[in-house]
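Here the structure comes first, spelled out in structure tokens, and everything after it is commentary.
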Amino acid sequence: MEGIIHIRIDDRLIHGQVATQWTNELGATRIMVINDEIAKNDVQKTVLRMAAPPNVATSIISKETAATNIKSNKYRGQKVLIVVKSPVDLVDLINLGLPIKKVNVGNMSVREGTRHVRPTVSINPQEEQAFRQLIDQDVEITTIMVPGDNTIYLKDVI
């Protein structure tokens, strides 16, 4: 996956921590939000683009488009930070042929039917199943909120 430097699950997508701390720490030149619903919503896309740093490009695209673009090496020479809302998205991307091997989980908000697995990570049964599937496929999943935090592996807490 040429050009992809980091994959993060964060249900807030582009926000202060992603836009400043993670982008700066990684030296990202592009933030790619992969989400089928938002890719079709011009208002949400505009809001997310406004949250990104002015010197960082944004792509807000569907899973299918992302998989096609990544497999065709469209991002060669770039430093792309991928952000998705859910581990289910990553299972879908793997099923579309992307060789995802390492993921960081930032924030997954409390919602009805979720349970805490970390202070800022709450998951529902579908998300837990997706995480377990990723772990079974040898995807390394960490739960680091901001760069420099201690590394906690999700397999140790779910």
Side-chain angles (χ1 to χ4, degrees), residues 1-15 17-19 21-23 25-26 28 30-41 44-45 48 51-52 56-76 78-111 113-147 149 151-158:
M1 296 196 320
E2 288 193 55
I4 308 305
I5 58 170
H6 193 79
I7 300 172
R8 181 173 173 86
I9 299 171
D10 194 318
D11 62 8
R12 300 167 297 174
L13 299 171
I14 303 175
H15 59 90
Q17 289 171 344
V18 168
Q21 294 180 4
W22 283 104
T23 302
E25 176 75 16
L26 298 167
R30 176 178 299 277
I31 300 171
M32 179 187 301
V33 171
I34 303 174
N35 185 280
D36 290 346
E37 292 77 30
I38 293 175
K40 296 182 239 176
N41 186 316
Q44 287 185 340
K45 289 192 318 190
L48 288 172
V56 175
T58 57
S59 297
I60 302 169
I61 55 181
S62 69
K63 290 179 250 188
E64 187 77 40
T65 300
T68 299
N69 289 353
I70 291 167
K71 288 191 291 189
S72 70
N73 295 320
K74 180 176 180 174
Y75 306 103
R76 178 183 292 140
Q78 297 184 45
K79 292 181 175 183
V80 181
L81 164 59
I82 291 176
V83 185
V84 298
K85 280 189 170 194
S86 165
V88 175
D89 297 325
L90 297 179
V91 170
D92 292 344
L93 291 170
I94 289 171
N95 290 336
L96 288 168
L98 295 185
I100 296 170
K101 292 296 172 194
K102 189 173 183 179
V103 175
N104 171 249
V105 183
N107 191 72
M108 294 179 68
S109 300
V110 174
R111 294 155 282 138
T114 62
R115 68 178 179 92
H116 282 292
V117 293
R118 297 279 299 131
T120 61
V121 179
S122 296
I123 59 174
N124 64 32
Q126 180 186 21
E127 293 160 341
E128 182 170 357
Q129 180 180 1
F131 275 130
R132 290 189 187 284
Q133 184 175 346
L134 293 169
I135 290 166
D136 288 346
Q137 294 176 338
D138 295 322
V139 176
E140 179 183 293
I141 306 170
T142 57
T143 61
I144 305 170
M145 184 57 101
V146 295
D149 277 357
T151 300
I152 305 292
Y153 294 93
L154 190 71
K155 68 180 180 173
D156 297 334
V157 296
I158 67 168

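Computed from heavy atoms alone, side chains included, the values below leave out hydrogens, waters and symmetry copies. We're numbering straight along the sequence, starting at 1.
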For a quick test of reading the model, state the closest non-hydrogen atom pair linking [X] to [Y] and the distance between them.
X      : Y      : value
Ala19  : Ala52  : CB-CA, 4.5 Å
Thr23  : Val18  : OG1-O, 2.5 Å
Ile144 : Val146 : CG2-O, 3.2 Å
Ser109 : Asp11  : N-OD2, 2.6 Å
His116 : Ser122 : ND1-OG, 3.1 Å
Asp89  : Ile34  : OD2-O, 4.4 Å

Could you measure the distance from the [atom1] atom of [X] to the [atom2] atom of [Y]? Nearest 0.5 Å is fine.
X      : Y      : atom1 : atom2 : value
Ile100 : Asp138 : CD1   : CG    : 14.0 Å
Glu25  : His6   : CD    : NE2   : 9.5 Å
Arg12  : Arg8   : CZ    : CZ    : 7.0 Å
Ile38  : Leu13  : CD1   : CG    : 4.5 Å
Met32  : Ile14  : CE    : CD1   : 11.0 Å
Glu2   : Asn73  : CD    : CG    : 4.5 Å

A side-chain contact here means heavy atoms from C-beta on lying under 4.5 Å apart; do [X] and [Y] qualify?
X      : Y      : result
Leu81  : Trp22  : yes
Arg132 : Glu127 : no
Lys101 : Gln137 : no
Ile158 : Ile135 : yes
Pro87  : Met108 : yes
Thr114 : Ile123 : no
Ile31  : Val83  : yes
Met1   : Leu98  : yes

Under a 3.5 Å cutoff, is there a donor and acceptor pairing between the side chains of [X] and [Y]?
X      : Y      : answer
Ser59  : Arg30  : yes
Thr142 : Asn104 : yes
Asn107 : His15  : no
Thr68  : Thr65  : no

Could you tell me whether Glu140 and Lys155 have a side-chain N and a carboxylate O separated by less than 4.0 Å? no
Ion pair check, Lys63 and Asp92, cut-off under 4.0 Å: yes
Whether over 12 other heavy atoms sit under 6.0 Å from Gln21 CD: yes
For Lys45, look at atom NZ and say whether over 12 heavy atoms of other residues, nucleotides or ligands are found less than 6.0 Å away. yes
Trace of the side-chain contact (heavy atoms from CB on, under 4.5 Å) decision for Ile152 with Val157: CA-CA 8 Å; Ile152 305 292; Val157 296; 4.1 Å; yes
Carefully, step by step, assess Leu134 and Val103 under the rule side-chain contact (heavy atoms from CB on, under 4.5 Å). CA-CA 10 Å; Leu134 293 169; Val103 175; 5.6 Å; no
Test Val88 against Phe131 for side-chain contact (heavy atoms from CB on, under 4.5 Å), laying out the working first. CA-CA 8 Å; Val88 175; Phe131 275 130; over 6 Å; no
Check step by step if side-chain contact (heavy atoms from CB on, under 4.5 Å) holds for Leu90 and Val139. CA-CA 10 Å; Leu90 297 179; Val139 176; over 6 Å; no
